[in-house]
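Notes to accompany the following structure.
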Amino acid sequence: MISDKIAGGIIGSPKIPGDKSISHRSIIIPSISNGICKVKNILKSDDVLHTLEAFKDMGVEIIQNKDEIIINGKGLNSLKKPKKDIYLGNSGTSARLLVGLLSAQKFNSTIIGDSSLSKRPMKRITDPLTKMNAIIKTFNGSLPIEIQGRHLASADIDITIPSAQIKSGLLLACINTEGISNITENNVTRDHTEIMLESFGAKIEISKKDNKKYIKIEGKNELKSKNINVPSDLSSSAFFIIATLINKNSKIILKNINNNPTRNGLLIALKKMGAKISILNKRYNNNEEVCDIEVLSSELNGCELEADMAALMIDEYPILSIAASFANSPSIFKGLNELRVKESDRLNLILKNLLNCGVECKIIDDSLYINPKKNYEIINNNIRTDFDHRIAMSFCVMGSKIGPLNILEAGSINTSFPTFKKEFNEVGGKIY
């Protein structure tokens, strides 16, 4: 796929798909609840569809209509042993959440994935689950994972890695475990699982102190379904926001965007850089904060982001690095070690691809340094993505400013944003 410089600005109101994190949970949690749940605006990407197929394979009745899916949940212990291994493609969210959920079921199961997912670290979720007496076998710490479903024991667990996937996998084990479990989270991470569980009637108590989060959850209480309207994804919006900021004569309005305070680090960082971004019409939907966003072309300044920002926006650093490349001064982004264990080694790919675009940048430890210039001469226009959707979309945005860039393995974009090319071109982009 080629991304080329645009003739005019980025102008319009692109349709952003449903939030990926919430879409996964909008299948998982209703599937183990009692009652019928109608889910609107769910993201129909490869990753989410793998989650959906997994629960259909475990006996959940799921009807897919054009505008919604309908899930007929039968309770915590209603899942059935799948007839085959559970294939989750490239979805790390699905894998880590389902490991927790399936460890407390009454049947054995095996989770597999594609070559990329099979390289990602899974002991970060399997190790804390063993404190609940889970029996899980990994392949050198990765997929395939064999899970022996059994009654687990409640436990007190301290999470040191900043990961909503670990926390969510543990919560999904705890809700089907007798007694009270206590989870301590040492870093703020996205809280969609807690929000949805509480909305569905889970007995969960949350408190915060000194940047730590304490979650108390009582298991074996049946959940009751309610309908869900999935807000649009801020992470997917990020590509349009930054394309607008860096291209002259641009203006976009984004509708119904998730503005969860554990996810909006990108907006905080961009405002620190001087971006002209207005948050409009704040409201709540299924206990999630949503808003509309207006973005205008802007002269950006560089900024220094400390490691604690990574928990609020780890997925957005690839596209933020593009914004920093067109700022008026240098930027430093610290504490990016988690970027090394995503769908790819994102930190290394950001560096290599920026260098190929002529950007002066370097990595010291886990910090990324970007020293922007007024004009760039492309050294190598082949953008290596290693099948990582966020790298691919980020450098599509880069191409809109300095292209043409040849985005390799661009099909990976379907894992999170199947309509990205169409929506980007409709607001003025040039992808072909």
Side-chain angles (χ1 to χ4, degrees), residues 20-21 23-28 31 42-58 60 62 79 81-105 107-130 134-149 161 163-170 172-173 193 235 314-315 338-346 348-349 385-393 408-418:
K20 185 153 76 88
S21 295
S23 291
H24 283 301
R25 290 155 175 84
S26 296
I27 296 168
I28 295 170
S31 292
I42 197 164
L43 171 63
K44 293 182 179 179
S45 70
D46 290 350
D47 278 6
V48 175
L49 292 176
H50 285 309
T51 298
L52 187 148
E53 289 301 319
F55 281 89
K56 289 173 73 172
D57 289 345
M58 289 186 283
V60 181
I62 303 177
L79 300 180
K81 180 179 175 63
K83 295 179 181 179
K84 57 186 179 182
D85 293 346
I86 298 171
Y87 177 73
L88 297 176
N90 192 30
S91 180
T93 298
S94 306
R96 295 190 179 110
L97 270 61
L98 262 64
V99 168
L101 177 71
L102 294 173
S103 65
Q105 292 296 317
F107 53 82
N108 298 343
S109 54
T110 299
I111 293 176
I112 60 175
D114 67 10
S115 59
S116 173
L117 183 60
S118 298
K119 296 174 185 175
R120 297 179 69 179
M122 292 294 159
K123 286 178 70 65
R124 51 180 52 194
I125 179 62
T126 61
D127 282 353
L129 283 167
T130 60
I135 299 178
I136 305 169
K137 181 182 178 182
T138 68
F139 181 78
N140 293 328
S142 301
L143 270 59
I145 292 178
E146 298 175 3
I147 304 163
Q148 182 177 317
I161 299 172
S163 169
Q165 295 175 359
I166 299 172
K167 172 181 61 179
S168 298
L170 290 170
L172 291 172
T193 304
S235 293
I314 192 65
D315 287 334
E338 278 296 300
L339 281 180
R340 298 188 184 278
V341 291
K342 289 289 186 176
E343 284 85 335
S344 65
D345 182 344
R346 281 184 181 158
N348 186 51
L349 285 178
T385 69
D386 289 358
F387 300 95
D388 189 311
H389 56 124
R390 297 197 192 279
I391 296 293
M393 287 185 281
L408 305 176
E409 303 107 15
S412 61
I413 293 171
N414 289 329
T415 64
S416 67
F417 201 155

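Below, all heavy atoms of this structure are taken into account, side chains as well, without hydrogens, waters or symmetry copies. Heads up: numbering here begins at 1 and tracks the sequence.
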Hey, does the side chain of Asp85 reach the backbone of Ile111 with a donor-acceptor pair shorter than 3.5 angstrom? no
Nearest atoms (heavy-atom pairs only) where Lys20 meets Thr415: CD-O, 3.9 Å
Correct closest heavy-atom pair for Leu43 and Ser416 would be CD1-O, 3.3 Å
For Arg120, side-chain hydrogen bond (donor to acceptor under 3.5 Å, both in side chains) partners two or more places apart: none
Do Lys44 and Leu52 have side chains that approach each other closer than 4.5 Å (heavy atoms only, starting at C-beta)? no
Quick one: does Asp114's side chain have a donor or acceptor within less than 3.5 Å of a partner on Ser116's backbone? yes
Less than 4.0 angstrom from a charged side-chain N to a carboxylate O is my criterion; do Asp315 and Arg346 meet it? yes
Any side-chain heavy-atom pair from Glu146 and Asn108 closer than 4.5 angstrom? no
Between Gly113 and Ser118 the two heavy atoms that sit nearest each other are O-OG, 3.4 Å
Non-neighbouring partners of Ser31 that pass side-chain hydrogen bond (donor to acceptor under 3.5 Å, both in side chains), sequence neighbours left out: none
Under 3.5 Å: donor-acceptor pair, side chain of Thr385, backbone of Leu408: yes
Residue from Asp47, Thr193, Thr51 passing side-chain hydrogen bond (donor to acceptor under 3.5 Å, both in side chains) with His24: Thr51
Going by side-chain contact (heavy atoms from CB on, under 4.5 Å), name the residues that satisfy it together with Phe107, two or more places apart in sequence or in a different chain. Met58, Leu79, Lys81, Pro82, Leu102, Gln105, Ser109
Would you say Gln165 and Thr93 are linked by a side-chain donor-acceptor pair, where the criterion is simply a distance under 3.5 Å? yes
Side chains of Arg96 and Ser163, donor plus acceptor under 3.5 Å: no
With side chains defined as the heavy atoms from C-beta onward, is the minimum distance between Thr126 and Val99 less than 4.5 Å? yes
